[in-house]
Amino acid sequence: MNQTVQINFPNNINLAIKREDLLHPHISGNKFRKLKYNVLEAKRQNADSLLTFGGAYSNHIAATAAAGKEYGLKTIGVIRGEELADKIKSNPTLSFAKDCGMEFVFVSREDYRKKTEEEFIGKLREELGDFYLVPEGGTNQLAVKGCEEILTDGDEAFDYIACAVGTGGTISGIINTSKPHQKVLGFPALKADLSFDIAKFAQQDNWALITDYHFGGYAKVNEELVAFINDFYAKTSIPLDPVYTGKAVFGVIDLIERGYFPDGSRVLMIHTGGLQGIAGMNKELLKKGLPTIKT
Ligand SMILES: *Cc1c(COP(=O)(O)O)cnc(C)c1O
């Protein structure tokens, strides 16, 4: 569903939001798209479990746990940070995943960095038995295929398509089904250069990354961002998460106000979901005595 945002923008710019966050109550937004063909492939291979990786408040961990529950696969989450093992109850993401039946393997930050190494994966198979491996963030060829279903008939009316970028799987799928007259703008939620990762999967070059809106890095927020998210929610009733979509929408609106888009441009922002992350972020904000995100 595309929802037009009624904010008076300069130069007749029209902003619409594609509410992928409403796709499923727990397998949120782009994570549903990314898991869809991986779950089908796991079933085809007769795998009985999915194993994947994530941090303390990972949207991907929550979505994988929910998908496993819904589609009858066991799930194993390899979680960054051994200290989280006794904090499951107070961590909204991990307690949700646990309630869905996910088993956890808590690893040190050092071991977590080995997540793509064959030797490390081999050790996990020895310890846990066989599993269908979904990479951190869920990005692989089948995930990109799922994200090629985000754009639908009617979306070719837009001049620009914007989305948040983490590993680049989602934007790659969007690029592949965008029309040549459209430009796809990605807003990285972290500092790393992601163009190489996107180029691996993207079949067109009508895209660019806008790297000015990561707010200091992955999961970093400041009071300005929190205030923006709360103000946007008050004006539009559309909730945004602080790690991805909040930064991307902040960026799109800032670009509109700075005159980046030609007069009359129609911009489609993809709301990739991630709202489950708000609870965890609010816990961190409260600890620091900072204003929280209203829901
Ligand atoms: C994971 C996530 C992203 C990033 O998607 P990638 O395919 O890794 O680039 C964007 N938005 C939300 C809400 C997410 O949870």
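For ligands, and for the atoms within them, numbers begin at 1 and follow the listed sequence. Residue numbers count from 1 along this sequence. Treat the numbers as computed from the prediction; the structure is a model and nothing was measured.
Ring centroid separation for the pair F250 and F187 does not come in under the 6.0 Å cut-off.
In this structure, the protein non-hydrogen atom closest to atom 5 (O) of ligand 1 is N30 ND2, 3.0 Å. What sits closest to atom 4 (C) of ligand 1 on the protein, heavy atoms only, is G166 N, 3.4 Å. Here the heavy atom of the protein found nearest to atom 11 (N) of ligand 1 is T272 OG1, 2.7 Å. Of all protein heavy atoms, the one lying nearest to atom 2 (C) of ligand 1 is K31 NZ, 2.4 Å.
Inter-residue side-chain proximity for L209 and I198 is flagged as met; some heavy-atom pair is nearer than 4.5 Å.
Under the 30°/60° scheme for interplanar angles, the aromatic rings of F53 and F120 are found to be tilted.
Atoms of ligand 1 found under 4.0 Å from any heavy atom of G273, numbered from 1 in the order shown, are 13 (C). Every atom of ligand 1 is numbered from 1 in the order shown, and the set under 4.0 Å from a heavy atom of G274 is 13 (C). Taking every heavy atom of K34 and a limit of under 4.0 angstrom, the matching atoms of ligand 1 come to 5 (O), 6 (P), 7 (O), 8 (O). Residue-ligand proximity, V165 to ligand 1, at heavy-atom distances under 4.0 Å covers atoms 9 (O).
Here N59 has side-chain heavy atoms under 4.0 Å from ligand 1, and that is the only part of it that gets that close. Residue contacts with ligand 1, taken as heavy atom pairs separated by less than 4.0 Å, do not involve V243 at all.
The shortest heavy-atom contact between Q203 and N176 is N-OD1, 2.7 Å. Taking every heavy atom of both residues into account, P188 and I210 meet most closely at CD-O, 3.1 Å. Across all their heavy atoms, S49 and I76 have their closest contact at OG-CD1, 4.3 Å.
At least one N/O-N/O distance between G168 and ligand 1 falls below 3.5 Å. Among the atoms of T170, some N or O lies under 3.5 angstrom from an N or O of ligand 1. Where the criterion is an N or O separation shorter than 3.5 Å, residue side chain and backbone included, T245 fails it with respect to ligand 1.
Using 4.0 Å as the threshold, I171 has no heavy atom nearer than that to any atom of ligand 1. Between H60 and ligand 1 there is no heavy-atom distance shorter than 4.0 Å.
The neighbour count for K114 NZ, taken as heavy atoms of other residues, nucleotides or ligands under 6.0 Å away, is above 12.
A cation-pi contact, defined as under 6.0 Å to the ring centre and within 45° of the axis, links R80 to Y112.
Between V105 and the options L51, L128, I79, a side-chain contact (heavy atoms from CB on, under 4.5 Å) holds for only L128.
Interatomic distance, NZ of K43 versus OH of Y71, reported as 10.0 Å (0.5 Å rounding).
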